[in-house]
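Shown next, in structure tokens, is the structure this report addresses.
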Amino acid sequence: MAYVELNVDDARQFLSVQPETLQKRVNELHKVIHDRTGLGNDYLGWLDLPKTYDKEEYARILLAAKKIRKQSRVLVVIGIGGSYLGAKAGLEFLQVPFKKNRLEVVFAGHQMSGSYLNRLLDYLKDKQFSINVISKSGTTTEPAVAFRVLKKALEEKYGVDGAKARIYATTDKKRGALFTVAKKNGYEMFVIPDDVGGRYSVLTAVGLLPLQAAGINTKTMLKGALEAYKRFSKPNLANNEAYLYAATRYLLYTSGKKVEMLVGYEPNLLYLNEWWKQLFGESEGKDHKGLFVASAGFSTDLHSLGQYIQEGERHLFETVIKVSETELDVLIPEEENDLDELNYLKGETLSYVNSQALKGTMMAHQDGLVPNMLLTIPKLDSYTFGYLVYFFEKACAMSAYMIDVNPFNQPGVEAYKKNMFALLGKKGYENILK
């Protein structure tokens, strides 16, 4: 039995052909991926990462995380896109709500709100803090600005030398602005591998250092990713859930569905959704192709988006994540007057009610002509998180190759930057808006 189970039965009735008919194409693309002969093949370093990750650097990550936890109460992670979403997804997936952790991890450089950064500076004034700045180049506007501001605050608080011991740079191995600054100032440095793009970098120092510093067991996370690596090393759709997911969503897309919603019934999944949206949106959305990826947290969003999903335009399908086990639960008590009419649930757990909400919603949406796939995970732990990361990465590579686009570039991301630079008066962009 697979560690993560995928059930596509509810989607099959919407398909004129079944995923298994794509087996030959899947075999061909699996070979393209593993032989590294497809578009963007220079960025397939994530493929073997669960097995071949740099053990020496990982040992340094463990030591650095221990040092951060000893010297600080807050770690500010500066990054945008793949440089922060993976770590944020892992933290939200794994940390216990309302539990005060020894080290708090906060984020900056993922937007350009002056109000947010000002309030963060004020929050840090009376706290011991360190910085993990993450950028391949060091010139991406959002994190570069945040690093300038926060580095200054750190130096004012601890002095230039004291600040150096609290800045950890995750960047290119040999080049770039951040590499140069880190080398010059003696910051401890970690590597974003040349052959791993940002949205595929969760299992590198990009994700591992913040997560380990937060007290998450990244060794177990890597073991989960390794299990997925082994599971998905063969292309047979009967045993490769990542490829079955890719093939099914491809057939739904080519049958006219244009939107995929990733849906979860636990709040811990909300930032996994955000990471997933970048992974698939940035990998597939090019050449005027690709599904529009969206997400929802149920049952909360059933009271906002539910009406549209049930009866709006029939251009979407859902991938639903179900968590089999919950660590803690609540029993529903009996009330003598039963004014809220809930006594029929007395003695039941809230998790049971949640599971029935999932089943009932899938049934309703199916009746409303919304195809569903069900992805069942055992629990919310670090092993599962590592497994899921690799599951979606492998599925994404297959999905993008199925629609003949490069899964590993993002040329459209540069469009807004050019206009922004011209409007800000950056040298060399004067003629962009003419």
Side-chain angles (χ1 to χ4, degrees), residues 39-50 53-54 57 61 76-92 105 107-112 131-147 168-179 182 189-211 218 221 225 271-286 290 293 385-386 388-390 392-397 399-400 405-417:
L39 294 169
N41 58 74
D42 288 344
Y43 287 92
L44 277 162
W46 59 270
L47 189 61
D48 301 318
L49 204 57
Y53 68 91
D54 187 330
E57 179 174 68
I61 287 172
V76 184
V77 177
I78 301 173
I80 195 167
S83 294
Y84 99 98
L85 276 170
K88 180 68 171 173
L91 286 170
E92 295 294 324
V105 179
F107 293 85
H110 55 297
Q111 28 75 352
M112 291 186 283
I131 292 173
N132 177 205
V133 55
I134 306 170
S135 177
K136 188 79 167 175
S137 66
T139 59
T140 304
T141 307
E142 294 91 338
V145 168
F147 182 49
Y168 302 83
T170 306
T171 188
D172 191 273
K173 188 176 184 178
K174 296 180 179 178
R175 63 184 73 83
L178 181 56
F179 170 86
M189 298 171 65
F190 298 93
V191 174
I192 305 173
D194 289 339
D195 55 359
V196 179
R199 56 190 178 273
Y200 293 83
S201 66
V202 189
L203 301 175
T204 72
V206 171
L208 294 175
L209 179 57
L211 291 172
T218 57
M221 193 174 97
Y271 263 89
L272 178 74
N273 291 354
E274 296 302 310
W275 170 77
W276 172 87
K277 285 192 287 190
Q278 189 210 3
L279 179 67
F280 280 86
E282 212 168 65
S283 296
E284 290 186 304
K286 54 202 72 165
V293 286
F385 181 72
L388 266 183
V389 164
Y390 196 83
F392 282 125
E393 288 178 347
K394 196 70 181 288
C396 188
S399 292
V405 299
N406 183 344
F408 310 115
N409 67 351
Q410 52 280 339
V413 174
E414 301 303 315
Y416 90 91
K417 294 181 183 179

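Throughout, residue positions are numbered sequentially from 1 according to the sequence presented. Everything numeric here is computed off the predicted structure, so don't read it as measured data.
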(request) Could you check Trp275, Tyr200, Trp276 and say which one makes a side-chain contact (heavy atoms from CB on, under 4.5 Å) with Val389? (result)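 Only match with Val389 under side-chain contact (heavy atoms from CB on, under 4.5 Å): Trp275.
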
Heavy atoms, side chains only, cut-off 4.5 Å: are [X] and [Y] in contact?
X: Pro210; Y: Leu91; result: no
X: Val191; Y: Asp54; result: no
X: Leu208; Y: Phe190; result: no
X: Val405; Y: Leu39; result: no
X: Leu85; Y: Tyr271; result: yes
X: His110; Y: Val77; result: no

Could you give the distance from [atom1] ([X]) to [atom2] ([Y]), rounded to the nearest 0.5 Å?
X: Ser83; Y: Lys88; atom1: OG; atom2: NZ; result: 15.5 Å
X: Leu272; Y: Lys277; atom1: CG; atom2: NZ; result: 11.0 Å
X: Met189; Y: Leu178; atom1: CE; atom2: CG; result: 7.0 Å
X: Arg199; Y: Phe280; atom1: CZ; atom2: CZ; result: 11.0 Å
X: Phe147; Y: Ile134; atom1: CZ; atom2: CD1; result: 11.5 Å
X: Leu209; Y: Tyr168; atom1: CG; atom2: OH; result: 8.0 Å

Check whether any side-chain N or O of [X] sits under 3.5 Å from a backbone N or O of [Y] as a donor-acceptor pair, and report yes or no.
X: Ser283; Y: Pro407; answer: yes
X: Ser137; Y: Gly176; answer: no
X: Gln278; Y: Gly82; answer: yes

[X] and [Y]: which non-hydrogen atoms are nearest, and at how many Å?
X: Lys286; Y: Glu282; value: NZ-O, 3.0 Å
X: Gly40; Y: Phe408; value: O-CD1, 3.2 Å
X: Ala108; Y: Val76; value: CB-CG1, 4.0 Å
X: Ile80; Y: Pro143; value: CG2-CD, 3.9 Å
X: Ala225; Y: Leu203; value: CB-CD1, 3.6 Å
X: Thr140; Y: Ser135; value: OG1-OG, 4.2 Å

What donor-acceptor contacts under 3.5 angstrom involve side-chain atoms of residues 42-49, with partners at least two apart or in another chain?
| unit_1 | atom_1 | unit_2 | atom_2 | d |
| --- | --- | --- | --- | --- |
| Trp46 | NE1 | Tyr43 | O | 3.3 |
| Asp48 | OD1 | Tyr229 | OH | 3.4 |
| Asp48 | OD2 | Arg36 | NH2 | 2.6 |

(request) Output every pair passing salt bridge (charged side-chain N to carboxylate O under 4.0 Å, His left out) with a member in residues 136-145, not counting sequence neighbours, ordered by first then second residue. (result)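 Salt bridge (charged side-chain N to carboxylate O under 4.0 Å, His left out) check on residues 136-145 returns Lys136-Asp172, Lys136-Asp194.
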
